[in-house]
Amino acid sequence: MSEQKVKIALPDGSVKVYESGVTSHQIALSISEGLARNVLAAKVNGEVWDASRPILHDSSVQLLTWNDDEGKNTFWHSSAHLMAEALEALYPGIKFGIGPAVESGFYYDVDFGDQEFNASDLEKVEQKMTELARQKNAYLRTEVSKNEALDYFGTKGDEYKLELLADLEDGSITFYQQGGFTDLCRGPHIPDTGHIKAIKLTNIAGAYWRGDEKRKQLTRLYGVTFPKKKELDEYLALLEEAKKRDHRKLGRELELFAFSEKVGQGLPLWLPKGTELREKLAAFLKKAQVKAGYESVITPHIGSKSLYVTSGHYEKYGQDSFKPILTPNENEEFLLKPMNCPHHCEIYKFKPRSYKDLPLRMAEFGTVYRYEQSGELHGLTRVRGFTQDDAHIFCRPDQVNEEFKQVIDLVLYVFESLGFKDFVTQISLRDPENKQKYIGSDDVWEKAESAIIEATSEKGLKTITKLGEAAFYGPKLDFMVKDALNRSWQLGTIQVDYNLPIRFDLEYVGSDNQKHRPVMIHRAPFGSMERFVAILLENTEGKFPLWLSPLQYIVLPISEKYADYANEVDQQLKEGAFSGYVDHRDEKIGRKIRDAELSKIPYMMIVGEKEAASKSVSIRRQGAGDTGSHDLGALLAYMKHELELSFTPDKE
RNA sequence: GCCGACGUAGCUCAGGGGUAGAGCGCUUCCUUGGUAAGGAAGAGGUCAUGGGUUCAAUUCCCAUCGUUGGCUCCA
């Protein structure tokens, strides 16, 4: 093999020979001109490279375009540089933090110094970006020494880049330059700014430098760009669509829940229909829990401060939580409960436990109160008073694995029954750099973490792992679901805890007649009723299956003449345990149908002369239009059948 | 908590230094209509709250409260 040739393996399995030093762009060009125009970067031996970077050795090459996630990523990262260039041109002397691509778009953190910048200036920046993009400036990669780099940003006076440089090793530092802007960056980048055809700067926000709230807050500018104007329009249309699924809007429209300034921030009021929905969800889970061997308990909303001193909650959160409530004369301190586990531990201690009693599975829809920072409150997803579908499993160490796997099954059953298909399972571990955030010894943490890792892998779950996301008393397996705007929320959670049993001195008598320490598994398949309902709303747009829908039917008489028959139908449905009502308004049928459709009621039953005469109803399913006339008795049987099916996943 | 934006009728929103408007909803009347909006009339607002500037503030300024997009946090 000559030194001058390289073998390039392409994803289709073909291998082609090129001159050494060939670029991905040239490879693309050898395939087709159109492809070459669209190539943004290339994956060379698994690493994303600039399309213009010479390939010197035999390699596998995957050309990346806008249709590849990595292509998009590169595109947006380059767009961040373009935005920085525009900003520097408009606001000389500003300093830059970091500017990465994110899930949909990019941002750059900027220190504007004394210069004013607000949302209304974004348009100006967009225009400048468009102007610079049209210049089709190439993104040029240069390798620099650490000293050169320090010198450049020292002269420029950008302390943020200097700080970033401090952590980098000499010999691995690259600059990228396009037009008049040079940035410290490991790349890769798209060939030139000309690819960026549609630009939208979406919002600005404060963001702490290096995510540290003790450090300076920079201005973060978010944006998104596309290679075609049409794609930007589609993206904006998608955002508009997402607004329709906003649970706060749906909660108001469907009269599910509300907030009142007078009651207080983050304290939801459940309206009758929302309560109906929530109670149906709770009943669904309770039924599954009875099958899985859980027992229900009820504990008070407050507990003596000493309970939380024992659990460690007071030490970890006492400063940031609602202050203790005092008895009037004795000044005894009570806390609003932030978690149910301490109460459940006390139930465990009610009497001596034998190894034969375990596992003990204690479930409670327990309402808890936490002082969440005001800036964090968000609709029903982040509130200060909420109800967990909580349970604690007290078991022997040899039972942890089996119990944990059974809980995974329960969570999967719940998710499946409610139609959540796109969820991510996340193993949330302790931050090894920051152990003082947690209680307990390394030894028990290792046991708990490996218990989770083993059980999830035995279940064959595809997981991601995040450090620093554990609870203070133990690691978790979290089930994350996205909202309408693609933001991830933790719903289900399962936690292994060796610590609270020690703190509460929980024991059981083993077969050896010795005292042993049980292990606790904390778990909540919904997470909280509030957040679960919120995410369910965003995922279903409020179009609930029959069994969940707060209103299951509405009877629509053609005119007031058929009111009696409508009432008769209503009565029979009520006797069949369905919830709904008759729309007796003095409106035309078209109007009644429209309103019922918009209220997302699953069954609309239209009754008029024909139906009254034949004891039938004309059925319209929400979203599906007229489905013809049906005998009332047969309909009731069908609806009951539909309910049965709903509780078994994988129907239809 | 921090940075930014916003707060006008039940809802969605327009307006703007001289004490307010639309559509929907609501009430009443007419209409008795067959599968996504029938017609008419009417009621409804201390323009979030508190200060300041001004002859005059809902409008401008400040603060507070609330909402919201992020950041940080999240038992």
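Note that the structure is a prediction, hence the values are computed from the model and not measured. Naming: A, B, ... by sequence-line order, numbering from 1 per chain.
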How far does CG of A:Leu271 sit from CZ of A:Arg252, to the nearest 0.5 angstrom?
-> 11.5 Å
OP1 or OP2 of B:U67 under 4.0 Å from side-chain N/O of A:Gln265 | yes
What is the nucleic acid contact for A:Gln373, judged by heavy atoms within less than 4.0 Å: base, sugar-phosphate only, or nothing?
-> base
Would you call A:Lys476 and A:Asp478 a salt bridge, using N to O less than 4.0 angstrom?
-> yes
Hey, does A:Ile589 reach any base, or is it just sugar-phosphate, or nothing, if we go heavy atoms under 4.0 Å?
-> sugar-phosphate
Determine the contact category for A:Tyr317: base if any of its heavy atoms lies under 4.0 Å from a base atom, sugar-phosphate if only primed atoms, P, OP1 or OP2 are that close, otherwise nothing.
-> base
N/O (side chain, A:Arg215) to phosphate O (OP1/OP2, B:C71) under 4.0 Å = no
Between A:Tyr208 and A:Arg220, just flag the one whose closest nucleotide in RNA chain B comes earlier from the 5' side.
-> A:Tyr208
Does A:Arg487 place a side-chain N or O at less than 4.0 Å from the phosphate oxygens OP1/OP2 of B:G70?
-> yes
What is the nucleic acid contact for A:Gly375, judged by heavy atoms within less than 4.0 Å: base, sugar-phosphate only, or nothing?
-> base
Where each residue is assigned the nucleotide of RNA chain B containing its nearest heavy atom, which of A:Ala207 and A:Tyr473 is assigned the position nearer the 5′ end?
-> A:Ala207
Euclidean distance for P, B:G42 against B:A5 (whole angstrom) = 42 Å
If we take the P atom in both B:U8 and B:C47, what is their distance in whole Å?
-> 11 Å
Does A:Gln217 get its side chain close enough to the base of B:C2, under 3.5 Å, for a donor-acceptor pair?
-> yes
Below 4.0 angstrom from OP1 or OP2 of B:G70, is there any side-chain N or O of A:His378?
-> no
Enumerate the protein-to-nucleotides 22-32 of chain B contacts in which both atoms are nitrogen or oxygen and the separation is below 3.5 Å.
unit_1	atom_1	unit_2	atom_2	d
B:G25	OP1	A:Arg591	NH2	2.0
B:C30	N4	A:Asp586	OD2	3.3
B:U31	N3	A:Asp586	OD1	3.2
B:U31	N3	A:Asp586	OD2	2.6
B:U31	O4	A:Asp586	OD2	2.0
B:U32	O2	A:Ser559	OG	3.4
B:U32	O2	A:Glu560	N	3.1
B:U32	N3	A:Glu560	OE1	3.0
B:U32	O4	A:Glu560	OE1	2.6

Pick out which of A:Phe106, A:Tyr108, A:Tyr107 makes a ring pair (Phe, Tyr, Trp, His ring centres under 6.0 Å) with A:Tyr222.
-> A:Tyr107
Can a salt bridge be assigned to the pair A:Asp631 and A:Lys615 using a cut-off of 4.0 Å between side-chain N and carboxylate O?
-> no
Using a cut-off of 4.0 Å on non-hydrogen atoms, how would the nucleic acid contact of A:Gly379 be classed: base, sugar-phosphate, or nothing?
-> sugar-phosphate
Give one of base, sugar-phosphate or nothing for A:Phe259, where a contact means two heavy atoms less than 4.0 Å apart.
-> nothing
Donor-acceptor side-chain pairing of A:Trp209 and A:Asp109 below 3.5 angstrom = no
What stems involve RNA chain B, if each pair must be Watson-Crick or G-U and both of its distances must be under 3.5 Å, with 3 or more such pairs in a row?
-> B:1-7 with B:65-71, B:10-13 with B:21-24, B:26-30 with B:38-42, B:48-52 with B:60-64
Any side-chain donor-acceptor pair under 3.5 Å between A:Thr425 and A:Thr463?
-> no
Check: B:C73 base within 3.5 Å donor-acceptor of A:Arg370 side chain = no
Rounded distance in Å between the P positions of B:G17 and B:A57 | 14 Å
Does any donor atom in the side chain of A:Glu116 or A:Asn118 lie under 3.5 Å from an acceptor atom in the other side chain?
-> no
Examine the side chains of A:Lys337 and A:Thr299 and answer whether a donor and an acceptor come within less than 3.5 Å of each other.
-> yes
Does the pair A:Arg585/A:Asp595 count as a salt bridge with the N-to-O cut at 4.0 Å?
-> yes
Base, sugar-phosphate, or nothing: which does A:Gly608 touch, judged by heavy atoms less than 4.0 Å apart?
-> base
Would you classify A:Lys592 as touching base, sugar-phosphate or nothing, given that sugar-phosphate means primed atoms plus P, OP1 and OP2, and contacts are heavy atoms under 4.0 Å?
-> nothing
Which is true for A:Gln490 with a 4.0 Å heavy-atom rule: it touches a base, it touches only sugar-phosphate, or it touches nothing?
-> nothing
For A:Glu116, report the nucleic acid contact type (base, sugar-phosphate, nothing); a contact means any heavy atom under 4.0 Å.
-> nothing
Would A:Lys435 and A:Asp442 pass as an ion pair if we require N to O under 4.0 Å?
-> yes
Is the shortest side-chain N/O distance from A:Arg252 to OP1 or OP2 of B:U12 below 4.0 Å?
-> yes
May I ask you to say what A:Asp626 touches in the nucleic acid, namely base, sugar-phosphate or nothing, with a heavy-atom cut-off under 4.0 Å?
-> base
Side chains of A:Gln495 and A:Tyr473, donor plus acceptor under 3.5 Å | yes
